[in-house]
Amino acid sequence: MGAMMMPAIPVTGNPVAPEAMTGRMDAVVNKRLADAALNAARSKGATYTDVRIGRYLNQFIITREKQVQNIVNTESFGVGVRVLANGTWGFAATSDVTETGIARAAEQAVAIAKANSKIQKDPVKLAPQKGYGEVSWKTPIVKNAFQVPVAEKVDLLLRANAKALEGGANFVNSQLFQINEQKYFASTDGSYIDQDVHRIWPNFSVTCIDRQTGKFRTRQALSAPRGMGYEYLDGRPDGKIAGPTGTGINGYKDSYDMVEDAAAAAKQAKEKLTAKSVEPGKYTLVLDPDHLGLTIHESIGHATELDRVLGYEANYAGTSFATLDKWQGKNFQYGSKIVNIFADKTQPGSLGAVGYDDEGVKTKRWDLIKEGVLVNYQATRDQVHVLGENESHGCCYADNWSSVQFQRMPNVSLAPGQAKYSVDDMVKDVDKGIYIAGRGSFSIDQQRYNFQFGGTLFYEIQGGKIVGPMEDVAYQSNTQEFWNSCSRICDESDYRLFGSFFDGKGQPGQVSAVSHGSATTRFDNINVINTARKI
Amino acid sequence: MNNGPGQLLSSNQSPTTNNEKMAILSQDQAKAIMQNALRFSKADECEVTLTGTTGGNIRYARNSVSTSGADDNTSLIVTSFFGKKSGTATINEFDEGSVEKVVRRAEELARLAPESPEHMPMLGPQTYKPSVSYFQSTANINPDFRADAARKSLEPAIAKNITAAGFLEDAASFQAKMNSKGLFAYHRDTGLTFSVTMRSADGTGSGYATGDYNDAAKLDTGKLSRIAIEKASSSVNAKAIEPGKYTVILEPAALVANTDASLIGALMNSMDARNADEGRSFLSKKGGGNKLGEKLFDERITVYSDPLNTEVPTSTWAGDGRQREKITWIEKGVVKNLYTSRFWAQKQGIKDIPNPANFIMEGGTQSVEDMIRSTKKGILVTRLWYIRPVDPQTLLYTGLTRDGTFYIENGKIKHPVKNFRFNESPVIMLNNLEALGKPQRVGGNLVPPMKIRDFTFTSLSDAV
């Protein structure tokens, strides 16, 4: 489906006290419990079983202007058992995390698999996977956000709000999302994997209103959700990357200054009220990484999910134009020669980084598009045989112990350019262009051909220079045409991660978090529409 | 707004054994548990909410079942207040010790919490009309029922060499609320939602059908699947026509969705008084204030909510305990009411109206076929997809047609057309009204098919 598709914050699990959120599950106990499930499923006829014991902790702090609106602490604890029986998947889950409860879930999973096997056409073909024994992995955080006092986090949000109000904002809403997934995985392959995964997302929206005209404009935060601890909020000066000369924009790399960004947001939201309305037509677009990430996500990330390509998502999110024949032909020019897109589950600080996926596969990096040509997809253990491979890509994920794991997008990123180009080099020889920063409106069709994106901040480029802010901008294109119009990419020094915290997919719906890296990138001759209307 | 089972289910939407705990409690059973919890409270005010859901789902794709599961989940939520400070804790065990523990935890959290300047004292006793949204036929659904429903959808597809992908989800649930000021509320509900996408073997045609009900006896997956098959067959080899402004006939599934954002859903979700008063809504007025009482739409547009409507029944009370009654939002094109939080209603001295759980848009008697017959030149849109806001100021949305779009000429469907991207505002659209047809249920609401002139398509899509 799409990034941030969840209309409301998907609060799952039970509210708990903040002090209950810093402990860890006991791996010894988990191993004993997992073995109970593996044995129970085997005795009922399963040929393969995996067990995920999960403790999912969320803390969401929500404020507006000078006040805290809500602090939500939730914990969800339970176990999911997936089995193969008669060549068919079965899954059951329980919050009764005892040997008896888990064994009962395992038996139910086998019963479901056997019942469903009667109407199944193609038996599951599972890629072989070696067992890793007892191993563990942890997000390399410096400061556990759950151990930072709530009062300190509230203070940061209220300081950011105050800065925006001082700067003339009429309204400011800010949030801090923190997630800790403690996952213990075991399978009949002989793996016992203990993982501790952390994610964080500081965010705000600042609104300025012109009462006379009735016009209002909102500027979103330029932060990215990250696979990091509270150190992301340290606001180190070396974490900043300046936008093109004349914009005054600061982007952020591995350290975010929320208070500074809120001050800038108020100023820019006010500017938006009187900015020039765009003349529709063809423009050269220079896209900031905090904007381009969403375009990568929708037009490449989802299009190269193998389950979509095969038709498993046809009734909901849709299928994909990137069909198997295009990959088999080895010459489908997805983008221009400088477009190199890689999938990755290992990059430190990214949302997708884990040691092992939710079916016990060690994670890795691989190419999806090489020199513009489609070369691979994203696949799980039961899909890779379609690609003639016998090793999973390691991108299986479930959003909860109670959800069945399935193929979810790894980090999908655009490799930075080889030639040395700065952000100003992207602008300097553009006659008629627009620089776009930040996330905005997004929509793409069910096969990922036609898309339309807005943004947070728009600046007009004329004669190689930024000449001022613009408004009412959205660009429409076709995925293949758009990526083939990619003409220049900044070098590695500008490479940053964009993130989507609540990417929705599947029926019943599940969310996942994923990052997209890129450097500032230029696209030529793109159709821009004016979105202003009168009602 | 969307009260289909997708909304009723908790996070545990997969097969859970969960000790087969409590399932659907009667009013008396729920009352006993909540009275017991309130007995432990030492807070200034205490509110207890008890919810339970039992349900399941089946999913298929590529003409074969892919996943299925069942769910059973019951939770007790306790919120304690000390002055303007509140804390909430939840538990899914109901023995005496566990219930006392959860009350104590809520009190600990309340003491640690910052004061809320928007705190409102709890409501006292309320009178609610009994809801009519629970059907035993739905509560009785079992795995065999779901498998049979899927089989009835798959068989006609396989017979016609069409590829089916579908999803059925059902739930029975109850919600109960009690507080230390004497409020008690209880509601039970059942619902199921079915959707299916049929694609031609060559991948050039696609059709969709959906249905949602409180009463499982109304579900006919075979009939809906045949509609989707017909759309898939008749939409193969679509021709491209130029984007631009067209007269369109929008079927109800193009106006409201079961699972995703929609144009009419977006309009109804934007009728909040606070946003309007604060100056950040399409209902905000130049110079301050809101557009309550103004005529913003064609005079044939009337929208109301009614929790006791037998076609789309829902709860007669809102999550905060306020009564939900029949209320008109738009009458003959005039904005009649806006919903609001209790805090904002008190601050502004305005009518205190909770947000709606369903909406009913009045229509006429014409069928979609009648509307086609009276159209000289136009486009039939059966579904819109990936609808996202572009400009909240004007409620401008973008999205695409999907799963069957057809060119109409001289009262007849001439041929399928390639999908379009649109950029349109429901406010503009409901001023460009040509005709309204007979309302149908979608996403727990009643919406008529509509004929709209000058609907704005801005580009073409190759997607099928």
Side-chain angles (χ1 to χ4, degrees), chain A residues 2 7 12-15 17 67-68 71 76 80 89 91-96 101 104-105 108 112 115-116 119-122 154 170-171 207 209 211-216 310-312 314-315 321 400 402-404 441-447 449-450 452 454 474 476 507-508 529 531 533 535, chain B residues 11-19 57 59 61-62 64-69 88-90 105 108-109 114 117 143 163 165-167 169 195-197 199 278-280 282 284-288 385-386 388-391 393-394 396 398-400 402 419 421 425 427-428 458-459 461-464:
Chain A
T12 58
N14 299 332
Q67 71 204 56
V68 175
I71 299 173
S76 174
W89 286 122
F91 177 76
T94 181
S95 57
D96 180 9
R104 195 164 50 221
Q108 192 186 2
I112 288 172
N116 284 357
I119 39 175
Q120 207 228 25
K121 282 197 316 178
D122 306 312
V154 164
N170 295 85
F171 301 103
T207 303
I209 297 172
R211 295 273 178 206
Q212 292 237 300
T213 60
K215 199 168 175 180
F216 61 93
L310 296 174
Y312 286 102
N315 186 48
F321 79 94
N400 196 278
S402 62
S403 307
V404 67
S441 177
F442 56 99
S443 172
I444 188 162
D445 69 47
Q446 77 277 12
Q447 290 190 309
Y449 286 103
N450 172 304
Q452 177 176 316
Q476 290 187 347
Q507 289 176 307
I529 63 165
T531 60
R533 294 287 189 278
I535 56 168
Chain B
S11 60
N12 300 344
Q13 291 175 315
S14 326
T16 57
T17 55
N18 216 13
N19 281 345
N57 62 72
R59 192 180 197 203
R62 291 162 63 98
S64 187
V65 167
S66 50
T67 57
S68 72
T88 299
T90 298
R105 169 153 289 182
E108 278 164 37
L109 284 169
T163 306
F167 183 62
E169 188 174 34
S195 63
V196 64
T197 303
R199 294 177 64 80
E278 287 181 340
R280 43 177 167 171
F282 83 100
S284 304
K285 221 171 171 171
K286 258 186 210 176
W385 168 246
Y386 218 133
R388 291 293 180 275
V390 176
D391 186 356
Q393 183 99 51
T394 57
L396 184 72
T398 189
L400 298 114
R402 176 177 173 177
N419 287 308
R421 168 171 297 288
S425 162
V427 185
I428 296 171
T458 52
S459 55
S461 163
D462 289 325
V464 177

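Here is how names work: the chains are called A, B, and so on, in the same order as the sequence lines, proteins then strands, and each is numbered from 1.
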| query | Any side-chain donor paired with an acceptor under 3.5 Å for A:Ser443 and B:Arg421? | reply | yes
| message | Taking every non-hydrogen pair under 4.5 Å, which of A:Gly80, A:Gly454, A:Gly214 racks up the most with chain B? | response | A:Gly214
| field | Any donor-acceptor N/O pair, B:Asn419 side chain to B:Ser461 backbone, under 3.5 Å | value | no
| message | Need one label for B:Pro114: side chain, backbone, both or neither, based on atoms under 4.5 Å from any heavy atom in chain A. | response | side chain
| field | Proximal component of A:Ala314, with respect to chain B [non-hydrogen, under 4.5 Å] | value | both
| B:Arg62, part contacting chain A, at a heavy-atom distance under 4.5 Å | both
| field | Region of B:Thr163 in contact with chain A, defined by heavy-atom distances below 4.5 Å | value | neither
| remark: Honestly, the part of A:Phe321 sitting under 4.5 Å from a heavy atom of chain B is neither
| task | Against chain B, label A:Gln67 side chain, backbone, both or neither, depending on which of its atoms sit under 4.5 Å from a heavy atom there. | result | side chain
| message | Quick check on B:Asp462 against chain A: is it the side chain, the backbone, both or neither that has a heavy atom closer than 4.5 Å? | response | both
| task | Heavy atoms only, distances under 4.5 angstrom: which of B:Ser459, B:Ser66, B:Ala61 has the most pairs with chain A? Name it, please. | result | B:Ser459
| message | Between A:Gln447 (side chain only) and B:Val464 (backbone N and O only), is there a donor and an acceptor less than 3.5 Å apart? | response | yes
| request: Working to the nearest 0.5 Å, report the span between OG1 of B:Thr398 and CG of A:Asn450. | output: 8.0 Å
| field | Under 4.5 Å from any heavy atom of chain A - which part of B:Ser284 | value | neither
| said: Less than 3.5 Å apart, any donor N or O on the side chain of B:Ser64 or A:Gln120 sitting next to an acceptor on the other? | reply: no
| task | Go through B:Lys286, B:Gln393, B:Arg199 and name the one with the most non-hydrogen pairs under 4.5 angstrom from chain A. | result | B:Gln393
| query | Roughly how far apart are A:Gln452 CD and B:Arg388 CZ, rounded to 0.5 Å? | reply | 12.5 Å
| Relative to chain B, which segment of A:Thr531 carries a heavy atom at a distance below 4.5 Å: side chain, backbone, both, or neither? | both
| note | Applying a strict 4.5 Å limit to non-hydrogen atoms, the region of A:Phe216 in contact with chain B is both
| Side chain, backbone, both or neither of B:Val427 within contact of chain A (heavy atoms, under 4.5 Å) | side chain
| message | Looking only at side-chain N and O atoms, does A:Asn315 offer a donor or acceptor that is under 3.5 Å from a partner on B:Ser195? | response | yes
| field | Test salt bridge (Lys or Arg N to Asp or Glu O under 4.0 Å) applied to B:Arg280 - qualifying residues, sequence neighbours left out | value | B:Glu278
| Pair A:Asp96 + A:Arg104, salt bridge at N-O below 4.0 Å | yes
| task | Report yes if some heavy atom in the side chain of B:Thr458 is under 4.5 Å from a heavy atom in the side chain of A:Gln476; otherwise report no. | result | yes
| query | Given a strict heavy-atom distance threshold of 4.5 Å, which part of A:Asn116 is in contact with chain B: side chain, backbone, both, or neither? | reply | side chain
| query | By a 4.5 Å heavy-atom criterion (distance strictly below it), what part of A:Gln212 contacts chain B: side chain, backbone, both, or neither? | reply | backbone
